[in-house]
Amino acid sequence: MLPVSPAVNRARRLQVLGAAALLTFLSLHPGPPVRADQGGDDTTFVITPEFTPPVPGSYELMHIMRAPGGKVLDLNGKRRDLAEFTQGKVTLLSFIYSSCSDPNGCPYAYIVFHTLQNRLERDPRFAGKVQLLSLSFDPARDTPEMLRLYAGDNADAKRPVEWNFLTTASVGELLPILDDYGQDVYLEKDPDTGKWLGTFSHVLKVFLIDEHQEVREIYTTTFLMPDMVYNDIVTLLMESGFKP
Amino acid sequence: MFMHSKRNSIKTLAAAVAAVVALGMATLPTVSQADETSCSPFTPLIKGQEDFVYVWTLGVQGIGDGSDKLVTVDVNPKSKNFGKVIASLSVGGRNEAHHLGLSDDRRYLWGGGLDSSKIFIFDIHSNPAKPKLVKTIDDFVAKSDGIVGPHTFYATPGRMIITGLSNNKDHGGVSANVIYNGKGDYIKTVPVPTTMVGGAQGDGYNYDVAINPRRNAMLSTSFTGWNNYMMDLGKMVKDPEAMKHFGNTTVMWDYKTMKPIKVFNTPGAPLEARWSWAKGDNFAVTTTALTSNIWIFDQDKQGEWQAHNVGTIGNPADIPLPVDISIGNDGKSVWINTFMDGTTRYWDFSDRYHPKEVYTKKIGSQVNMVSQSYDGKRVYFTTSLLGNWDKKGADDEQFLKMYYWDGKELKEGFSIDFYKEKLGRAHHMKFQVRDLKSLQPLRAEADAPDNVRLASLPGDGK
């Protein structure tokens with residue numbers, strides 16, 4: 001057995017714990033039982049709305065702001081500009097950190113992205129037109145190596161719907177991006193000692209960006225529902241002639 | 001390859017289940033019921049003790065510097081400054097300061113002027129004890145295509161919905177909702193309907209909005225235009241023509257698409273819009289200023305929104321002028337202030353179709369705004385309605401008063417005379433904490449665990 005670095009061990013542990021938090025969230029909620037599909041080997045966990053999301057193309061998404069750029073690192077540790085990842089396709093962007101265990105936060109965003117990626121890939125017309133993007137706000141721990149483990153197969157570049165995972169070289173390079181997007185993040189500290197507890201406080205925000213780099217929708221957990229996001233993606237693509 | 005990936009996902013999830021059990025992690029953060037109930041469900045809420053109350057205060061000529069100002073009051077009983085003004089930030093000039101609204105992350109506070117149509121954005125996170133003015137929007141009318149009188153500031157993710165009360169064509173009440181992004185940049189203007197929608201005629205008037213994200217519903221109410229809200233109250237009520245120009249409708253919107261679903265006839269200027277956040281409630285309430293009615297809005301069995309006139313406040317013939325309201329955290333009670341008699345009224349909403357007034361207390365010669373803490377144990381009152389509508393002479397009391405509420409009686413905690421302090425007319429209030437990290441998750445998110453359903457997406461795994 002090959003030796004595994006402490007960092008890798010930690011990443012694997014965090015990955016499991018993040019999923020554990022999500023399952024905790026799901027398992028305690030009333031509702032129809034989570035089911036496996038007919039194949040028996042695939043279960044999808046999503047939150048469905050109490051209303052029927054509007055039909056794609058029946059509404060217009062607002063032009064909220066220009067999608068900001070910034071200095072980032074890709075999974076190979078290469079310096080890139082965030083703007084490279086938000087143009088030419090409809091992009092869904094979330095700010096996350098891999099050790100987040102808030103069931104209303106990053107783990108939920110992860111499962112929504114995973115669900116959307118699978119759903120979109122079943123229709124070849126979405127290939128190359130939609131991409132997913134997760135940017136860590138924990139550069140000290142979420143190194144490119146760590147994020148590669150966190151991403152798993154989701155980040156496979158051969159997938160029809162790409163899911164890129166990014167981090168930054170430093171907090172100094174991260175902060176302007178967070179400020180520009182309006183993503184609040186706080187260090188959670190021990191009230192007695194003032195020492196950082198290793199966790200962050202943040203309101204989950206997910207940004208839907210059109211192919212022209214305009215932010216067209218922002219979701220918090222309240223409205224981050226795969227059906228809704230899917231319809232919004234289709235609505236944006238319809239602006240460029242996509243026929244649902 | 002992808003099926004392989006899915007199997008791995010299931011294995012990971014299975015491992016996670018074991019981890020949950022092994023680590024004893026099967027707990028969730030406490031899910032609480034409610035709040036400072038008028039805040040947007042997209043804004044983090046203060047569930048514990050609020051540290052500061054910001055009061056958007058109208059400048060009065062000859063009092064202090066005469067300008068509108070944001071007044072900060074320390075309201076933490078453990079503070080040595082409890083019940084005292086600790087900061088006052090003048091914005092220069094008189095704008096008919098009216099309402100405030102918190103940004104979606106509670107780091108900024110927006111305040112509007114109904115006369116100047118200026119909007120002031122304050123930083124309330126860098127030092128919550130001493131807000132800082134960081135931006136003034138002075139082209140609201142031009143940007144919004146003629147909308148006048150920014151009233152309500154209601155945060156949605158990355159945005160602010162601003163209700164306009166008037167327009168620059170006739171300064172009447174036909175207006176719109178104007179949407180800005182969180183940086184203070186204009187996005188779009190959404191007119192209030194003036195056509196038939198859902199069987200009733202829209203009048204285009206506007207006042208307040210409130211959103212229920214669980215039902216993708218937004219309720220808007222209606223008041224009057226610049227011609228009236230800037231007129232002397234005594235003069236206006238004697239002017240039959242002026243009295244014709246009040247809003248008589250409420251509108252239920254599809255929040256996601258910002259399209260009106262249904263207009264309701266609710267005569268007599270329905271003002272504040274509030275949703276009950278109690279699990280399963282999904283009803284909204286408003287009161288009408290001129291006709292003293294209580295209206296609730298909920299869905300029938302077919303899912304269609306309906307309005308119900310469920311009560312009368314005081315003697316409508318006396319025009320007690322119901323103004324601000326505050327709904328209890330469980331949707332079982334509503335504070336209703338009546339301006340003319342300076343009285344607050346506690347209504348039992350246990351049966352929302354048959355609410356009952358069960359307690360009253362005179363707060364002062366006039367009273368307008370009411371805000372309660374998350375737990376309902378502290379209730380704050382201020383006095384000013386509009387610069388030209390407030391009472392005259394000795395009856396023109398201007399104060400902030402805090403009371404403790406034990407479920408039976410209000411007991412005064414502190415009182416600040418805004419004239420004696422040379423501040424001005426005390427209007428809208430918003431709470432803040434010293435440490436923003438202590439804020440609880442979004443109201444709607446806190447509710448979500450009890451309301452979500454789990455399902456498989458169509459087509460998944462097929």
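Each chain gets a letter, A, B and so on, in the order the sequences are listed, and its residues count up from 1.
B:Asn181 contributes no side-chain N or O that, together with a main-chain N or O of A:Met65, makes up a donor-acceptor pair within less than 3.5 Å.
A distance of 15.5 Å separates CD1 of A:Ile64 from OH of B:Tyr180, quoted to the nearest 0.5 Å. Taking CG from A:Asp180 and NZ from B:Lys183, the interatomic distance works out to 5.0 Å, rounded to the nearest 0.5 Å. The structure places CG of A:Asn231 at 8.5 Å from NZ of B:Lys256, a figure rounded to the nearest 0.5 Å.
Under the salt bridge (charged side-chain N to carboxylate O under 4.0 Å, His left out) criterion, no residue pair touches residues 54-69 of chain A, with sequence neighbours excluded.
Contacts between B:Arg215 and chain A at a heavy-atom distance below 4.5 Å involve backbone atoms as well as side-chain atoms. Interface residue B:Tyr255: only side-chain heavy atoms are found under 4.5 Å from chain A.
Around atom CG of B:Asp145, no more than 12 heavy atoms belonging to other residues, nucleotides or ligands sit under 6.0 Å away. Atom NZ of B:Lys132 sits in a sparse spot, with 12 or fewer heavy atoms from other residues, nucleotides or ligands closer than 6.0 Å.
Between A:Asp184 and B:Arg106, none of the side-chain N atoms (NZ, or NE/NH1/NH2) sits under 4.0 Å from a carboxylate O, so this pair counts as no salt bridge.
Taking B:Thr156, B:Asp254, B:Asp185, B:Thr257 one by one and counting their heavy-atom pairs under 4.5 Å with chain A, the maximum is reached by B:Thr257.
Residues A:Phe223 and B:Asn216 meet the side-chain proximity criterion, which asks for heavy atoms closer than 4.5 Å. At a threshold of 4.5 Å between non-hydrogen side-chain atoms, the residues B:Asn282 and A:Glu50 count as touching.
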Test side chain to side chain contact (heavy atoms under 4.5 Å, CB included) applied to A:Met62 and B:Met258, step by step: CA-CA 10 Å; A:Met62 299 177 198; B:Met258 285 285 158; 4.1 Å; yes

Working for side chain to side chain contact (heavy atoms under 4.5 Å, CB included), residues A:Val203 and B:Asp105: CA-CA 8 Å; A:Val203 170; B:Asp105 53 12; 5.8 Å; no

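Applying the side chain to side chain contact (heavy atoms under 4.5 Å, CB included) test between B:Pro157 and each of A:Leu204, A:Thr220, A:Val206 identifies A:Thr220 as the sole match.
In this structure, B:Arg214 and A:Phe51 approach most closely via the heavy-atom pair O-CD2, 3.3 Å.
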